[in-house]
Amino acid sequence: MAKVVVITSGKGGVGKTTSCASIGTALAMQGHRTVLIDFDVGLRNLDLVMGCERRVVYDLINITTGEAKLSQALIRDKRVDNLYMLPASQTRDKDALTFEGIELVINELKQEFDFILCDSPAGIERGAVMAMYFADEAIVVTNPEVSSVRDSDRIIGLLDSKTRRAEQGESVRTCLLVTRYDPERVEHADMMSVQDIEEILAIPLSGVIPESQAVLRASNQGIPVVHDSESDAGQAYMDMAARFLGEDRPMRFIDFERKGLFSRMFGGRR
Amino acid sequence: MKRLRSFFQKEACPSADVACERLKIMINQDRMQRNQPEFLPRLQSELIEVIRRYTQSDQGDIQISYHNLPQRTQIELNVSWPATRS
C-alpha cells in the first residue's frame, strides 16, 4: 500500500526541500519506488536540488488541467533507480491547484509507487494545507531556533485538524526532523537541544541533521546530500530514512566532540 | 557541566534556556487559542459589556477563561468590583 508523506515546517528556509530530496533518494536507494512532488507553486526548487531542472517540461498543474499525462510530467532520476519527481509550476498562479486535481494525481501515483513525498511550501495557508491534506504521515522539519519551533507547532496543529485523515477521525503519524543542528553551540547553551525541542513539540524525534558544509555543497551541484556518504549530513539522512522505514538506529552527530589542539590547528573543515 | 560553565560565564542565564522558556509560554497560548471556538471573542466582549452595565468593574476585573475538560467544555467567569461604602 502506497504511503503519502508530507514534508512540512511552517517556516521557510529550514530545509524542507533538501530533506525531501535526500530522504526520497535514500528510500529509492533501499529499493522503494518513490516519487517526490513539489507543491511550491511559483517558487519551485525541488528540481534544482535534485539536479533535473533542465529536464522539466510539464508540471503538476499541467496534469491537473489535463494538458499533459502523468507519465509525460514525471522526471526519472538519473542517479537512482525507482526515483521520480513531479515539478511544481514556476509560472502559474498558485490558485490553479485544486484539492480535486491533486487527489486524482495522488490516486494515480498510488498505483505505481510505494512512497509519495510531498514537499510543502512554507507558510500555513492554502498551499501548505494542500500539500498535507492527503498525507498518511508527516515529517516536520525544524531548526533549533524559536521562530522555527513555534511555526512547527502551528503546523502540527494543522496536521491534527486540516487533513483528510483528521476529518475522518484518524490521525496523521507525525515525526520530527531537526536540521542545522550544531552540537558545539548546544554544549555552550547557546542553542536549544534536541531534547528541548522534542519536549516542546511533543512528537517523536526521527532524525537530527547536523549543520554541515556538505549541504550547501550538494545543493550547489544539484546532487542530494545523501549521495555524499562521507559527509555527516549525508549519513544522518541515511539514518533518518532507515528509521522512517522502521529500523532502530541510535542518533548520531548530536554530541559535541571536543577537538584536540592538533586537529584544531591542522584539521581544517569538515 | 552546562551549569558549571554558565556559572563562570557572565550571562545570568544561558540563551538556550531563555529560548525554551519563551517558547513554552508562546506555544501554550497558541494551543489554547487553537482549541477555542470561533465565537469566544464575541461572547467575551458581550459578557463584559453586560456586566459593566450593572457593576463598576474595570476591564481587568472581569476574567474569562476557557477550559476543555474531558467530558465538557467550561467557561469560567470571575467578576469583581470596588467595594462601595455606605
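Letters A, B, ... are given to chains in the order of the sequence lines, protein chains preceding strands, and every chain is numbered from 1. Values reported hereafter were calculated over all heavy atoms of this structure, with side chains retained and with hydrogens, waters and symmetry mates removed.
In this structure, E230(A) places its CD atom where only 12 or fewer heavy-atom neighbours from other residues, nucleotides or ligands lie under 6.0 Å away. Shown here is R243(A), whose CZ atom has more than 12 heavy atoms of other residues, nucleotides or ligands within 6.0 Å.
Chain A is approached within less than 4.5 Å, heavy atom to heavy atom, by L23(B), K24(B), M26(B), I27(B), D30(B), R31(B) from residues 21-33 of chain B, ordered by number.
For the set V146(A), L201(A), V149(A), D153(A), the count of heavy-atom pairs under 4.5 angstrom toward chain B peaks at D153(A).
Interatomic distance, CZ of R185(A) versus OG of S15(B), reported as 8.0 Å (0.5 Å rounding).
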